[in-house]
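The structure appears right after this line, and notes come after that.
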Amino acid sequence: MTVPHSPIADPPNSTGHLVLTYEPAVPVSRGKLAVWLFLSTEIMFFTGLIGTYIVLRFGVPAGSWPAPATVGVVEWIGAVNTFVLICSSVTIVFAMEAAKSELPHRAKQWLLATFLLGSLFLGVKAYEYQSKFQHGIYPRSPRSLLYDRADLNYLAGLKAELDRLQGGNETSPPVKESANNVVANDVSLADNHRVASLGLPVALLAAAPTSIVESSTHADTLALIQTGLVQWTQQKVGRTDDPQMQKMALSSLAHQIYPLHENKSIETYLANERLESTAELEKSKIEFKQAEQALVDLQHQLEQLNTKLQSLQSTIAASGSTDPESANNLAETKQLQQELVDKTTASGIAAAQVTKLKDSIKPLTSRLEAMDKFGSLPAGVNLGLHLKLPMVIPSGNTWASTYFLLTGFHAIHVIGGLVAFLILLPKQLGANRAGLLENIGLYWHFVDIVWIFLFPLIYLF
Amino acid sequence: MLTAHEADCETTGTGSTNHRVIFVWVFLLLIALTGLSFWIANSHLMEHRVLAWAAMIAVSIAKAMLVVMFFMHLWWERAWKYVLTIPTLIMAILLVTLLVPDVALRTETYSRERQMDAAEAFISRAADGQ
């Protein structure tokens, strides 16, 4: 550089050469300018993400956005994480101030504190993600089993999933690709294996009443869900034309699998249904007994008729055709034979009645059994029994996508900051590195600001 | 003659002890504001949801301003800060606003058939008699 870039020439030094000074266009170091330019793009990126979240969230059909508690979001955990990040913002500025004041040892301590706080934030985040996964809420679709409404589509999906879990009859809807199929089978095997290796009773002991543990295995439980909840609802929906009744039956099924919140109308509906079913079962049992008794009586009468007929026929055979009584006997035989035919028909009808009543008792008993077993699970079948059956969370998929995208991108930025801290930690943090600490601090504060907006949007709204 | 870093120090001020006091105050304010939004979310203000949401966003903006102004030193920076921040904010706001007609208002134009398959409303606790 031989051309002076400033019109005011610098005074020549002792050797007579010009000494040029660098005057930056903006009064900050190049590193800081670069960080601020980077942060400008980051501001646009996160405003885009957060803004899209807001737009999607308030654009869903009215009243269909899940409340935090519905999807297992715990307010105070979010508040604690906010506190942790704010603390880390303070520790990083203190680290910079200490470095500026030539206190490298103290700067290192503050930087280490920032690193630990950032790690704590990530740990809490990981715990929160884990609790989402336990609820069956995943960021990707094949294992996401969330339905937007309790309708026949949901009923079919639930039924197919139960069939698949029971591992048999391929009544599940055809899976589009063979690759998907393989994945689905692997998942079911893994699930079965997991349950088997856990030993379901052990897993259940904490959550479920002991009666379930004692009396049923995993397969029995699935079969009972299929008959007592799903098939029952299917029949109930099929039997009525009233859309309100159908809706109630489907909603109560969804509620039993995964209750969204305490719901008095569904609880009342289920309690009433239980009373009705119990009464119906009692009635059916009495009718069954009566029918059975009638059948036994008929069979008894048939036997008597048979013996009577046989004795009459032997009398006729012994007395010969000349006997004056034989004509009478023959007439009586004919009458008895006719009676025998009638009674046989009647007993056939009675037997059919017995079978029919027996069949009508079966769904009632499994319904009541299911209500006894699953009614005592306040968190529903899915959470209470550690199952991942399809569940109804209106707008749940939109919620899961936006939640994991927002918090995931934020977490990636936290990881980026932690890597920068790790690189800086072993170095001597004197005044010459204060600028570097400040630049990393700027980035870290930005990560904090993003969380400041995410906290109310995700946890409190 | 100043190096760029020294120029930095000049603009951000060298009175470090002064700054430390400010940082502690900002920290306490941030904690208090976090508590405030937590309190709003659990108060009767939630019965007027839009009001509560507006209040919580206002608290968040206040917190963000505190962090930007003091932790990120923009308070002490010279006018160059506006060159970076104002265009960025305009772009960011435009980006989101452009989504509103197609995405935020999408359910307004749903047909009856489409509505039948859309996510259903939660049975509200009020309607449930609780």
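Atoms considered below: every heavy atom in the structure, side chains included; atoms not considered: hydrogens, waters and symmetry mates. Below, chain A is the first sequence line, B the second, and so on; all start at residue 1.
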**Message:** Is it the case that atom CZ in A:Arg106 sees more than 12 heavy atoms from other parts of the structure closer than 6.0 Å?
**Reply:** no

**Asked** Side-chain contact, heavy-atom cut-off 4.5 Å: B:Val96 with A:Thr47?
**Response** yes

**Prompt:** Looking at A:Phe461, A:Phe45, A:Phe453, which makes the most heavy-atom pairs under 4.5 Å with chain B?
**Reply:** A:Phe461

**Request:** Taking all heavy atoms of A:Leu39 and all of B:Met72, pick out the closest pair and write down the distance.
**Result:** CD1-CE, 3.6 Å

**From CG (A:Leu85) to CG (B:Leu30), nearest 0.5 Å** = 11.5 Å

**Message:** Between B:Phe71 and A:Val90, is there a side-chain heavy-atom distance shorter than 4.5 Å?
**Reply:** yes

**Complete:** dist A:Ile43:CD1 -> B:Leu89:CG (nearest 0.5 Å) comes out at 6.0 Å

**Prompt:** So, does B:Arg78 use its side chain to make a donor-acceptor pair with the main chain of A:Val28 at under 3.5 Å?
**Reply:** no

**Prompt:** Top residue by heavy-atom pair count (under 4.5 Å) with chain A, among B:Val100, B:Ile61, B:Val59?
**Reply:** B:Ile61

**Message:** Has A:Ser40 got a side-chain atom pairing as donor or acceptor with B:Thr88's backbone, closer than 3.5 angstrom?
**Reply:** no

**Contacting region of B:Glu108 [heavy-atom separation from chain A under 4.5 Å]** = neither

**Residues, nucleotides or ligands: over 12 heavy atoms within 6.0 Å of B:Trp75 CH2** = no

**Item:** Side chain / backbone / both / neither for A:Ser395 at chain B, heavy atoms under 4.5 Å
**Value:** both

**Item:** Side-chain heavy-atom pair A:Glu97, B:Phe23 within 4.5 angstrom cut-off
**Value:** yes

**Prompt:** Would you say B:His73 and A:Glu438 make side-chain contact, with heavy atoms under 4.5 Å?
**Reply:** yes

**Prompt:** Can you list every pair that meets ring-ring contact (aromatic ring centres under 6.0 Å, His included) and has a residue in residues 83-104 of chain A, with sequence neighbours left out?
**Reply:** A:Phe94-A:Trp110

**Prompt:** Got a second to check how far A:Asn81's CG is from B:Thr34's OG1, nearest 0.5 Å?
**Reply:** 11.5 Å

**Atom of B:Ala119, atom of A:Pro61 and distance for their closest heavy-atom approach** = O-CB, 3.6 Å

**Request:** Give, as side chain, backbone, both or neither, the part of A:Ala98 having an atom under 4.5 angstrom from any heavy atom of chain B.
**Result:** backbone

**Asked** Can you check side-chain contact (heavy atoms from CB on, under 4.5 Å) on B:Lys63 and A:Asp448, steps first, answer last?
**Response** CA-CA 10 Å; B:Lys63 282 165 73 179; A:Asp448 184 24; over 6 Å; no

**Message:** Let me confirm one number: the CZ-SG distance from B:Phe27 to A:Cys87, rounded to the nearest 0.5 Å.
**Reply:** 4.0 Å

**Message:** Non-hydrogen contacts under 4.5 angstrom with chain A: give the residues of residues 36-46 of chain B involved, or none if there are none.
**Reply:** B:Ser37, B:Phe38, B:Ala41, B:Asn42, B:Met46

**Prompt:** With chain B, which of A:Ile50, A:Asp148, A:Leu457, A:Ile92 has the greatest number of heavy-atom pairs at distances under 4.5 Å?
**Reply:** A:Asp148

**Prompt:** Looking at A:Trp65, A:Phe455, A:Tyr147, which makes the most heavy-atom pairs under 4.5 Å with chain B?
**Reply:** A:Trp65

**Asked** Say you draw a straight line from CE of A:Met44 to CG of B:Leu95; how long is it, rounded to the nearest 0.5 Å?
**Response** 9.0 Å

**Prompt:** Among residues 53-60 of chain A, which ones touch chain B with a heavy-atom distance under 4.5 Å?
**Reply:** A:Val55, A:Leu56, A:Arg57, A:Phe58, A:Gly59, A:Val60

**Request:** Would you indicate whether B:Met91, at its atom CE, is surrounded by more than 12 heavy atoms from other residues, nucleotides or ligands within a distance under 6.0 Å?
**Result:** no

**Request:** Taking the side chain as every heavy atom from C-beta outward, state whether B:His19 and A:Met96 have any atom pair closer than 4.5 Å.
**Result:** no

**B:Leu94 versus chain A, the contacting section by heavy-atom distance below 4.5 Å** = neither

**Asked** With side chains defined as the heavy atoms from C-beta onward, is the minimum distance between B:Val67 and A:Phe446 less than 4.5 Å?
**Response** no

**Interchain contact, A:Val392 with chain B, by part (heavy-atom threshold 4.5 Å)** = side chain

**Request:** Find the one option among A:Ser89, A:Gly78, A:Gly31, A:Gly441 whose heavy-atom pairs under 4.5 Å with chain B are most numerous.
**Result:** A:Ser89

**Prompt:** Can you name the residues that form a salt bridge (Lys or Arg N to Asp or Glu O under 4.0 Å) with B:Glu120, not counting sequence neighbours?
**Reply:** A:Lys247

